[in-house]
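Everything on this sheet refers to the single structure shown next.
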Amino acid sequence: MTLRLYDTRTAQVRDFQPLEPGKVSLYYCGATVQGNPHVGHVRSAVAFDILIRWLEASGYDVLSVRNVTDIDDKILEKSSASFAEDFQPSPDYPAQEPWFALAYRFEQAFHQAYDALGVLRPRYEPRATGHITEMHALIQRLVDSGHAYPATDGSGDVYFDVRSWAAYGELTRQNLEQMQDAPDADPRGKRDPRDFALWKGHKSGEPETAAWDSPWGPGRPGWHLECSAMATKYLGEDFDIHGGGLDLRFPHHENELAQSAAAGHGFAQFWLHNGMVTFEGEKMSKSLGNTISPEEMLAEARPKAVRYFLGQAHYRSQLVYKPGSLQEAEAALERIEQFIARAHPDSTVDSRQGVPPAFQQAMDDDLNVPAALAVLHETVRAGNTALDNEDDDAAQALGSQAAEMLRILGISEVPEPQTAGGPGDAALGQLVEKMLSSRAEAKAAKDFARADAIRDQLASAGVHIEDTPQGTQWSVKSGG
RNA sequence: GGUGGGGUGGCCGAGUGGUGAGGCAGCGGCCUGCAAAGCCGUUAACGCGGGUUCGAUUCCCGUCCCCACCUCCA
């Protein structure tokens, strides 16, 4: 069975055939680095990370590219606000900061969040500001072919002429005539209100550092242009997959497609979009204030559990977060991990050969992770049964499969938060061992009241204990 | 107004024209001094109204509701 993926443009699940056998070229939209990452960013990153890992497990060489939008209106606004007289410092924006410093700082915050969740770094991670030359070439090409024009109001803007491109709207199957005009659309020097900026002329008051010379006057790139320019540079005029959040379909991806296609490029064969994360069903957004940040999630549960949670729904589905979600993920994950630890799996092969056919089928079916997880849980149950029956060979085989599934989903690849190593650890260990030996003595003396009191005492301190045939095991329960 | 996607058991969340995933939570049992972990069993769902069909949660029509996008957004 081959991989099938849902393509937004054709609105159907299709067989995935890469342009070049054995290789996959993938571009997915990263963040505009104007603030700290929120859960939606990392959900998207996890979704495409799972895609990449599955492609690699299936034997493909994946050339992945994720952009960093490090120049845009919001970045300039946030920076400019930090220099305003009424500036109120906040944790995210603590001090006066030039736009490029602000962008750089948040770019690093994004890396931290991605790394903490085991998201593989893309092969290339180009910044918009590093590709002005490529953007100019693309604009010129569009101007020359009659699909773009300099603004008629002398602003220095250059717009894409949507009416010059008959296919405009094809990605989201929208009819230009029936689109709702943006209520705050600024017609400026546009031929049509829906024309979008390829290049934004420099305005007085904006920092000089945010302006680049161009044939149309000094200015800075429009948002959509960078992705077209960079995807083409790193992946070619035709490539396999373009991804991003559902909210990017329009206008961002629609415009990307229009400008690239109008420039004569084939562009992406497949358009993939991940669903939104909601807070109890409502869209999370800063303006609504119902957000939970990746940082807050990581404070509440182990990184692996956070990753499990973010990946557990189908990537195209809405992912509902609610208080308790992370604890549920933690419980499910612990069951898997405990089985694997008891099964002593072989060193696993990192490929689709190491997982059950049902798991392969689920993943091949447009990355049906929920169904794949069902296979994983069934494997765990079968493995536990084997352990109970002391069938160690079967348990080990199932353990290897479970470990491999966890690895392909990227969950076991999430780095453990560093907790060990401090001098406190040794002290804690000694104290716990001391109490456990007291408890063992009490148990031996059949003084169960005292034994249970010790267990309760440890529990109230967050130390969880478990009597096993190999003796009493203990662990510190993380989070709430 | 346009476009896309939804409404599944207490919660999360797949899927299918006929024997109704999986997880979390709950209940009963085994195990345990009691627990924990694990195993076994178990409770429980397909928005509403029609239609097609031997049979629909799955297809069709209607209807209600929800979400996203059409403005910066993963």
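All chains are named by letter (A, B, ...) in the order of the sequence lines, taking the proteins before the strands, and each is independently numbered beginning at 1.
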When rounded to the nearest Å, what value does the distance between P atoms of B:C70 and B:G38 take?
-> 45 Å
Could you tell me the separation between the CD atom of A:E330 and the P atom of B:A37, rounded to a whole number of Å?
-> 13 Å
Would you indicate which nucleotide in B:A74, B:G33, B:G13 comes nearest to any side-chain atom of A:D452?
-> B:G33
Is it true that A:R302 and A:E337 have a side-chain N and a carboxylate O under 4.0 angstrom from each other?
-> yes
N/O (side chain, A:T385) to phosphate O (OP1/OP2, B:C40) under 4.0 Å = yes
For A:Y321 and B:C12, is the shortest distance between a side-chain N/O and OP1 or OP2 below 4.0 Å?
-> no
Taking atom CD of A:E295 as the centre, report whether more than 12 heavy atoms of other residues, nucleotides or ligands fall under 6.0 Å from it.
-> no
Proximity to the side chain of A:E466 - top-ranked nucleotide from B:A37, B:C67, B:G13 | B:A37
Would you say A:S317 reaches B:A14's phosphate, i.e. side-chain N/O to OP1/OP2 under 4.0 Å?
-> yes
Salt bridge A:K190-A:D161, side-chain N to carboxylate O under 4.0 Å = no
What distance, rounded to whole Å, do you find between the two P atoms, one in B:G20 and one in B:U42?
-> 12 Å
Determine the contact category for A:G40: base if any of its heavy atoms lies under 4.0 Å from a base atom, sugar-phosphate if only primed atoms, P, OP1 or OP2 are that close, otherwise nothing.
-> base
Starting at the 5' end of RNA chain B, which residue's closest nucleotide do you reach first, A:V277 or A:L319?
-> A:L319
Between B:G10 and B:C48, how far is it from one P atom to the other, in whole Å?
-> 13 Å
In whole angstroms, how far is the C1' atom of B:U3 from the CZ atom of A:R194?
-> 14 Å
Say you pick atom C1' in B:G9 and the same atom in B:G2; how far apart are they, in whole Å?
-> 36 Å
Of all the nucleotides listed (B:C39, B:G2, B:A74), which has the minimum atom distance to the side chain of A:Q178?
-> B:G2
A:H224 NE2 - B:U71 P separation (whole Å) | 10 Å
Six-ring centre of A:F270, A:R14 cation under 6.0 angstrom, axis tolerance 45° = yes
Starting at atom CG of A:L176, determine the distance to atom C1' of B:U3, rounded to an integer number of angstrom.
-> 13 Å
Taking the C1' atom of each, how far is B:C30 from B:C64, in whole Å?
-> 49 Å
Minimum-distance nucleotide (side-chain atoms of A:R455 versus B:G33, B:A14, B:A74) = B:G33
Whole-Å gap separating P (B:G4) and CD (A:Q174) | 9 Å
Honestly, is A:R191 close enough over A:Y159, meaning NZ or CZ under 6.0 Å from the six-membered ring centre and within 45° of the axis?
-> no
With a non-hydrogen cut-off below 4.0 angstrom, is A:G169 in contact with a base, only sugar-phosphate, or nothing?
-> nothing
What is the nucleic acid contact for A:Y6, judged by heavy atoms within less than 4.0 Å: base, sugar-phosphate only, or nothing?
-> sugar-phosphate
Distance test, side-chain N/O of A:K322 to OP1/OP2 of B:C11, below 4.0 Å = no
To the nearest Å, how far apart are A:N255 CG and B:C72 C1'?
-> 13 Å
Who pairs with B:C39 - Watson-Crick or G-U, where each distance is under 3.5 Å = B:G29
Given the P atoms of B:C24 and B:U3, what is the spacing between them in whole Å?
-> 42 Å
Just checking A:K443: base, sugar-phosphate only, or nothing, at a heavy-atom cut-off of under 4.0 Å?
-> base
Taking B:G5, B:G13, B:C69 as options, the one with an atom nearest any side-chain atom of A:F250 is B:C69
So what does A:Q338 hit on the nucleic acid, given a heavy-atom distance under 4.0 Å: a base, only sugar-phosphate, or nothing?
-> sugar-phosphate
Distance, P atom - from B:G41 to B:A74, rounded to whole angstrom = 47 Å
pair_partner(B:U3), Watson-Crick or wobble, both distances < 3.5 Å, evaluates to B:A68
Base, sugar-phosphate alone, or nothing: which one does A:H252 contact when heavy atoms must sit under 4.0 Å apart?
-> nothing
With B for base contact, S for sugar-phosphate-only contact and - for none (protein heavy atoms under 4.0 Å), nucleotides 17-32 of chain B reads ----BSBS--------
Minimum-distance nucleotide to A:N384 side chain [options: B:G5, B:C39, B:C34] | B:C39
From the options B:U3, B:G33, B:A36, select the nucleotide whose nearest atom is closest to the side chain of A:R173.
-> B:U3
Do A:N368 and B:G15 have a side chain to base donor-acceptor pair shorter than 3.5 Å?
-> no
Just by distance, do the side chain of A:S228 and the backbone of A:E256 share a donor-acceptor pair under 3.5 Å?
-> yes
Using the C1' atom on both, measure B:G29 against B:G18 and round to a whole Å.
-> 33 Å
In the structure shown, which nucleotide is the Watson-Crick or G-U wobble counterpart of B:U53, with both distances under 3.5 Å?
-> none
Touch class at under 4.0 angstrom, heavy-atom based, for A:H273 against every strand present | nothing
From CG of A:L398 across to C1' of B:G38 the rounded distance in Å is 15 Å
What is the ring orientation for A:H252 with A:H224, classed by angle as parallel under 30°, tilted 30 to 60°, or perpendicular over 60°?
-> tilted
Quick one: does NZ or CZ of A:R66 land under 6.0 Å from the six-membered ring centre of A:Y114, within 45 degrees of the ring axis?
-> yes
Does the ring centre of A:H377 sit less than 6.0 Å away from the ring centre of A:F339?
-> no
If you look at every strand shown and take non-hydrogen atoms under 4.0 Å, does A:T278 touch a base, only sugar-phosphate, or nothing?
-> nothing
How would you label the contact of A:V369 with the nucleic acid (heavy atoms, under 4.0 Å): base, sugar-phosphate, or nothing?
-> nothing
At under 4.0 Å between heavy atoms, what does A:R450 touch on the DNA or RNA strands: base, sugar-phosphate, or nothing?
-> nothing
If each of A:A382 and A:R316 is mapped to the nucleotide of RNA chain B with the nearest heavy atom, which maps nearer the 5' terminus, i.e. the 5' end?
-> A:R316
Less than 6.0 Å separating the ring centroids of A:F110 and A:H41?
-> yes
Whole angstrom value for the distance that separates P of B:A68 from CZ of A:F279 | 15 Å
Please check if atom OH in A:Y124 has more than 12 non-hydrogen atoms from other residues, nucleotides or ligands closer than 6.0 Å.
-> no
